[in-house]
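Since the structure comes first, as structure tokens, the remarks are kept for the end.
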Amino acid sequence: MRSQDNKILFAGPVGAGKTTAIAAISDIAPIRTDAKASDMTLHRKAHTTVALDYGMLRLDADTKVHLYGTPGQERFDFMWEIVSRGGIGLILLLDHSRANPMQDLAFFLRAFEPLLQRAPLALGVSKTDLKPLPSTAVYAEALAAHGLNAPVFEVDCRRREDIKQLLLALLFSIDPGLGEAQ
């Protein structure tokens with residue numbers, strides 16, 4: 001994590017909060033590639049990401065973290081591989097209010113398996129206010145069943161502090177000495 005530029009990906013299903021999370025944490029105005037939703041996504045939201053979202057966070061004067069959000073629709077999965085190149089970590093956001101968020105978890109773990117073989121994961125579970133169960137412990141157990149020991153947080157993607165906590169957990173798993181005085 002000592003290099004100047006680092007790349008973190010945000011992935012997850014449509015409506016999980018990827019675009020919102022990047023906007024909440026980015027130190028620059030995020031770049032978005034939204035288009036009017038035209039398929040079943042229209043039932044969840046009016047616009048959707050079709051290529052990527054981009055933001056940037058400065059950790060200090062010399063260290064930047066580039067934040068890339070992937071589209072959530074499977075028909076744009078070709079972008080997932082492209083955007084994954086050079087990534088040092090993955091933040092997976094899941095919409096807890098969807099019909100089967102555990103199925104979403106399994107799907108995205110498979111889809112991003114090549115990245116997860118070389119980079120750590122942090123899981124953010126959004127919209128827990130809309131549906132209280134299952135608990136985050138169930139997500140942690142599902143990750144363990146996939147051989148992953150990743151931090152799991154309930155997040156409100158609109159809140160900078162929630163996304164900061166999630167991002168810091170991921171960064172500390174990449175470089176445990178990150179918090180040490182330099």
Side-chain angles (χ1 to χ4, degrees), residues 6-37 39-59 64-73 76 79-80 83 87-105 107-109 111-112 120-140 142-143 150-174 178:
N6 306 280
K7 181 179 183 180
I8 302 288
L9 274 73
F10 285 70
V14 170
K18 301 173 298 289
T19 299
T20 302
I22 289 173
I25 196 73
S26 181
D27 289 334
I28 63 170
I31 296 168
R32 299 176 175 152
T33 59
D34 285 354
K36 186 174 180 186
D39 57 8
M40 68 179 127
T41 303
L42 192 54
H43 299 290
R44 299 191 67 80
K45 59 186 198 168
H47 290 84
T48 190
T49 301
V50 293
L52 59 87
D53 293 317
Y54 172 78
M56 192 265 300
L57 179 65
R58 291 188 189 280
L59 296 183
K64 292 185 266 183
V65 178
H66 300 276
L67 312 167
Y68 287 85
T70 63
Q73 296 165 292
F76 297 117
M79 286 300 299
W80 301 347
V83 176
I88 63 168
L90 174 67
I91 291 180
L92 179 57
L93 294 174
L94 295 177
D95 177 349
H96 194 65
S97 69
R98 283 175 53 103
N100 195 339
M102 300 309 287
Q103 183 178 333
D104 291 338
L105 174 63
F107 173 81
F108 282 95
L109 291 178
F112 285 89
L121 166 75
L123 177 62
V125 182
S126 66
K127 304 180 185 177
T128 55
D129 56 322
L130 301 177
K131 183 177 159 189
L133 295 174
S135 70
T136 54
V138 173
Y139 289 99
L143 288 171
V152 180
F153 295 94
E154 289 184 14
V155 295
D156 180 335
C157 293
R158 301 167 294 187
R159 294 191 61 227
R160 181 177 175 89
E161 285 304 311
D162 284 10
I163 303 308
K164 181 179 176 182
Q165 180 183 30
L166 185 60
L167 187 57
L168 284 175
L170 179 65
L171 292 173
F172 281 120
S173 68
I174 295 167
L178 190 62

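The analysis underlying the following values was restricted to heavy atoms, covering all of them including side chains, and did not include hydrogens, waters or symmetry mates. In this text, all values refer to a predicted model and were calculated from it rather than measured experimentally. Residue indices begin at 1 and follow the sequence shown.
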Give the minimum heavy-atom separation between [X] and [Y], together with the two atoms involved.
X	Y	answer
Trp80	Ala111	CZ3-CB, 3.6 Å
Ala11	Leu90	CB-CD1, 3.8 Å
Ser126	Ala16	OG-O, 2.8 Å
Phe108	Gly72	CZ-O, 3.9 Å
His96	Pro101	O-CG, 3.8 Å
Ala142	Met102	CB-CE, 3.3 Å

Worksheet item: Taking NZ, NE, NH1 and NH2 as the nitrogens, is one of them in Arg159 or Asp162 under 4.0 Å from a carboxylate oxygen of the other?
Response: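 Looking at Asp162 together with Arg159, the answer is yes, because their closest N to O distance falls below 4.0 Å.
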Worksheet item: Using 4.0 Å as the upper bound for N to carboxylate O, is an ion pair formed by Asp27 and Lys164?
Response: no
Nearest-0.5 Å distance that lies between atom [atom1] in [X] and atom [atom2] in [Y]:
X	Y	atom1	atom2	result
Leu67	Ile31	CG	CD1	11.5 Å
Leu57	Leu168	CG	CG	8.5 Å
Ile91	Leu166	CD1	CG	4.5 Å
Phe10	Ile22	CZ	CD1	5.0 Å
Leu123	Leu93	CG	CG	8.0 Å
Glu154	Thr136	CD	OG1	5.5 Å

Any side-chain heavy atom of [X] sitting closer than 4.5 Å to one from [Y]?
X	Y	result
Leu9	Val83	yes
Met79	Thr70	no
Pro13	Leu94	yes
Tyr139	Leu92	no
Asn6	Leu171	no
Leu143	Leu109	yes
Ile163	Gln165	no

Item to complete: Determine yes or no for a side-chain-to-main-chain donor-acceptor pair under 3.5 angstrom, with Thr20 supplying the side chain and Arg158 the backbone.
Response: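 No; judged by distance alone, with no hydrogens or angles, the pair does not exist.
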Response to the item:
Only one of Ile8, Ile25, Ile88, Leu170 passes side-chain contact (heavy atoms from CB on, under 4.5 Å) with Val65, and that residue is Ile8
Worksheet item: Under 30°, 30 to 60°, or over 60°: which ring-plane class applies to His66 and Tyr68, parallel, tilted or perpendicular?
Response: tilted
Item to complete: Check whether more than 12 heavy atoms from other residues, nucleotides or ligands sit under 6.0 Å from atom CZ of Arg160, and answer yes or no.
Response: yes
